[in-house]
Amino acid sequence: MRLAPNPNGPWHLGSARMPAVIGTYKELYDGWMLCRFDDTDPETKRPDLDAYDSILDSIEYLGFEPDEIVKASDRVETYYDYARNLIEKGGAYTCSCDGETFSELKNSAEACPHRSKDIDTVLAEFDAMVRGEYASGEMVLRVRTDIEHKNPALRDWVAFRMVDTPHPRSEAAEYRCWPMLDFQSGIDDHEFEITHIVRGIDLQDSAKRQAFVYEYFDWEYPEVVHWGHVQIDEYDISMSTSTIKALIESGELDGWDDPRAPTLASLRRRGIRGEAIVNAMVELGTSTSNVDLAMSAVYAHNRELVDGDADRLFFVRDGVEKTLIGGPDHAEPPVHPDHEERGSRDIPVGGRVLIEPDDVPPNGERVWLKGYGPVRHTRDAFEFTGEDIDIVRNESVDVVHWVPADENIPVRLRTMHGDEHGHAEPRITTYRTDDVVQFERIGFARIDSHEEDETVSYFTHP
RNA sequence: GCUCGCUUGGUGUAGCCCGGCCAAUCAUAUUGGCCUUUCGAGCCGAUGACAGGGGUUCAAAUCCCCUAGCGAGCACCA
């Protein structure tokens with residue numbers, strides 16, 4: 001199997017599908033996986049030098065490791081060799097038609113005059129291409145397929161073209177004659193003995209095009225599966241590398257890991273495990289129709305992975321302060337309700353607490369401060385009533401979360417929809433970067449950093 | 001326009017190749033209840049789909065045809 005990313009930027013969520021599914025198949029059938037960077041267009045799909053490593057990082061985050069990593073731009077000589085070989089077999093010819101002219105001929109199933117050149121001329125002209133003696137657009141090498149094929153998409157397609165712009169990788173900067181994807185990929189899949197290919201429906205015709213080359217060389221084409229596009233709900237921002245890049249450059253996003261961006265870096269920072277993404281992607285299957293990935297599916301998988309380990313904490317957004325009259329001066333809610341052995345949290349209550357505005361009961365009504373006890377809202381204070389927990393069960397008194405008004409830690413919670421500010425119980429400072437906790441009644445969050453004036457956390461999901 | 005492909009509940013998926021065991025699977029979602037000092041977890045229940053129309057057949061989600069909708073390729077992009 002192989003992954004064939006185009007290194008033109010950090011990965012978004014949709015990019016995860018390829019490694020998720022291919023990596024899973026590899027593990028399932030004890031296969032072999034190549035990561036091949038298809039970076040053969042220095043101009044329109046100009047490679048981003050940082051993307052090579054960032055993509056490998058993302059693959060690791062998802063939990064996979066390629067058995068071999070190559071860059072197509074290191075293999076240009078190999079493609080030249082195969083091209084010469086193909087020319088000698090009469091399978092390709094150099095063509096100096098401009099794109100429009102050829103397109104018209106092709107659409108009327110007519111051969112262009114260059115199609116009948118003799119092999120020696122073609123070889124000589126191809127070598128001139130390799131030496132960079134033509135400018136962009138002046139000469140291409142075409143594969144001789146079937147100019148009358150009923151599908152115009154398959155007629156004599158371009159295998160090599162001239163590109164004036166140097167490749168950003170210095171190792172490849174001297175090449176001017178570059179292979180097109182269908183040629184390069186077709187050669188490499190055979191060279192690396194790839195047995196199974198999974199790719200998008202946009203490449204539906206690739207196998208049919210490459211089949212002509214395979215036939216000239218008498219190779220067997222790998223099994224191929226095409227899948228549709230993935231759309232993802234819940235995001236306001238489009239899942240397009242160029243769109244995200246533009247928003248970052250204009251300052252609307254903080255970076256590739258901004259929680260509002262549909263990128264893998266963002267999900268990682270939110271504390272979502274790669275495995276959850278993989279599970280959700282694998283569930284999508286490989287159907288050729290377009291599919292919608294619901295973020296709730298990713299969340300459901302992640303919740304399953306993190307719930308057991310996530311310690312519970314209180315975090316109050318936009319806290320309303322209430323004086324507490326009577327009652328104990330400590331609260332000891334459990335660290336995790338399903339794991340008594342992890343002990344309890346010791347929260348110093350002080351004389352005042354903060355609770356969320358929506359949780360303040362009407363005057364005269366009661367509320368149960370979770371892990372502490374029952375209080376009644378009287379005038380501007382909470383009066384401890386000392387009643388039994390049965391009032392929660394039988395009299396539908398609400399249970400709410402709270403923090404001490406004095407001993408607490410300011411916390412910023414970064415979410416997909418913007419930042420929220422509030423206060424958490426002191427214990428939050430004992431967690432380290434990357435720990436995932438659950439803010440009770442709010443949701444899971446990843447601890448990002450402890451700054452001087454506040455703790456920064458990222459909202460994972462409910 | 002030419003060519004190729006797809007269409008099962010809100011979402012994803014199984015089944016389709018080799019017609020009957022499909023009054024259609026599982027997950028998620030929504031929702032009701034139980035439990036619970038969380039709107040988390042767990043348990044029980046409910047909701048909800050074969051794009052439409054013809055045909056073949058004793059029998060069609062499954063095979064054939066037509067229509068509609070969606071998508072892709074027809075690039076010197078990947």
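So you know, we letter chains A, B, ... as the sequences are listed, proteins then strands, and number each from 1.
A salt bridge does not link A/Glu275 with A/Arg273: none of the charged nitrogens is closer than 4.0 Å to a carboxylate oxygen.
Under the 3.5 Å distance criterion, the side-chain polar atoms of A/Arg199 are left unmatched by any main-chain donor or acceptor of A/Val224.
Put simply, CZ on A/Arg342 is 16 Å from P on B/A41, counting in whole angstrom units. Atom NE2 in A/His336 sits roughly 7 Å away from atom C1' in B/A41 (whole-Å rounding). Following rounding to the nearest Å, A/Asp359 (CG) and B/U38 (P) show an atom-to-atom distance of 13 Å. In this structure, the CZ atom of A/Phe160 is 13 Å from the P atom of B/C77, given to the nearest Å. Nucleotide B/C39 holds its C1' atom 11 Å from the CD atom of A/Glu356, rounded to whole Å. Here the P atom of nucleotide B/G10 and the CE atom of A/Met295 are 22 Å apart, to the nearest Å. The CG atom of A/Asp205 sits 10 Å away from the P atom of B/C4 (whole-angstrom rounding). Distance CZ (A/Arg317) to P (B/C39): 14 Å, rounded to an integer number of Å.
Taking a 6.0 Å sphere around OH of A/Tyr29, one finds it holds 12 or fewer heavy atoms contributed by other residues, nucleotides or ligands. By the 6.0 Å contact criterion, CD on A/Gln231 is open, its count of non-hydrogen atoms from other residues, nucleotides or ligands being 12 or less.
In this structure, A/Pro337 reaches the bases: a heavy-atom distance under 4.0 Å links it to at least one base atom across the strands shown. Within the nucleic acid shown, A/Asp98 comes within 4.0 Å of at least one base atom, counting heavy atoms only. As judged by a 4.0 angstrom heavy-atom cut-off over every strand, A/Asn151 is placed among the base-contacting residues.
The side chain of A/Lys106 lies closest to B/A75 when the candidates are B/A75, B/U37, B/C39. Distances from the side chain of A/Glu283 to the nucleotides B/G12, B/A72, B/G40 place B/G12 closest. Of the candidate nucleotides B/G71, B/G73, B/C6, B/G71 has the atom lying nearest to any side-chain atom of A/Ile201. Among B/C74, B/U38, B/A78, the nucleotide with an atom closest to any side-chain atom of A/Asn107 is B/C74. For A/Val140, the listed nucleotide lying nearest its side chain is B/C76; candidates were B/U38, B/C76, B/A72. Listed nucleotides B/A72, B/A29, B/C77 differ in distance to A/Arg303; the shortest reach to its side chain belongs to B/A29. Each of B/G40, B/A72, B/U3 was ranked by its minimum atom distance to the side chain of A/Asp307; first place goes to B/G40.
Taking atom P on both B/G54 and B/U13, the two are 29 Å apart, rounded to the nearest angstrom. Taking atom P on both B/U57 and B/C64, the two are 16 Å apart, rounded to the nearest angstrom. Here the separation of B/C21 from B/U36, taken at their C1' atoms, is 42 Å to the nearest Å.
In this structure B/A24 sits in no base pair that meets the Watson-Crick or G-U test at under 3.5 Å. Nucleotide B/A61 is matched to nothing when pairs are restricted to Watson-Crick or G-U wobble geometry with both distances under 3.5 angstrom. A 3.5 Å limit on both hydrogen-bonding distances identifies B/G33 as the Watson-Crick or G-U partner of B/C43. Nucleotide B/A75: unpaired (no Watson-Crick or G-U wobble partner with both distances less than 3.5 Å). Remark: B/G69 base-pairs with B/C6; criterion is Watson-Crick or G-U wobble with both hydrogen-bond distances under 3.5 Å.
The base of B/U38 is paired with the side chain of A/Gln438 by a donor and an acceptor separated by under 3.5 Å. Residue-to-nucleotide contacts include a donor-acceptor pair under 3.5 Å from the side chain of A/Asp338 to the base of B/G40. With hydrogens and angles left out, the side chain of A/Arg312 and the base of B/U38 share a donor-acceptor pair within 3.5 Å.
By the 30° and 60° cut-offs, the orientation of the rings of A/Trp178 relative to A/Tyr175 is perpendicular. By the 30° and 60° cut-offs, the orientation of the rings of A/His461 relative to A/Phe444 is tilted.
A side-chain N or O of A/Thr101 and one of A/Asp98 form a donor-acceptor pair less than 3.5 Å apart. There is no side-chain donor-acceptor pair under 3.5 Å between A/Arg155 and A/His149.
Taking only side-chain nitrogens and oxygens, A/Thr40 comes nearer than 4.0 Å to OP1 or OP2 of B/A78. Using a 4.0 Å cut-off, no side-chain N or O of A/Ser206 falls inside it from OP1 or OP2 of B/G73. For the pair A/Lys150 and B/C74, the criterion of a side-chain N or O lying under 4.0 Å from OP1 or OP2 is not met. One finds a side-chain N or O of A/Arg161 lying less than 4.0 angstrom from the OP1 or OP2 phosphate oxygen of B/C77. Note on A/Arg155: every side-chain N or O is 4.0 Å or more away from OP1 and OP2 of B/G73.
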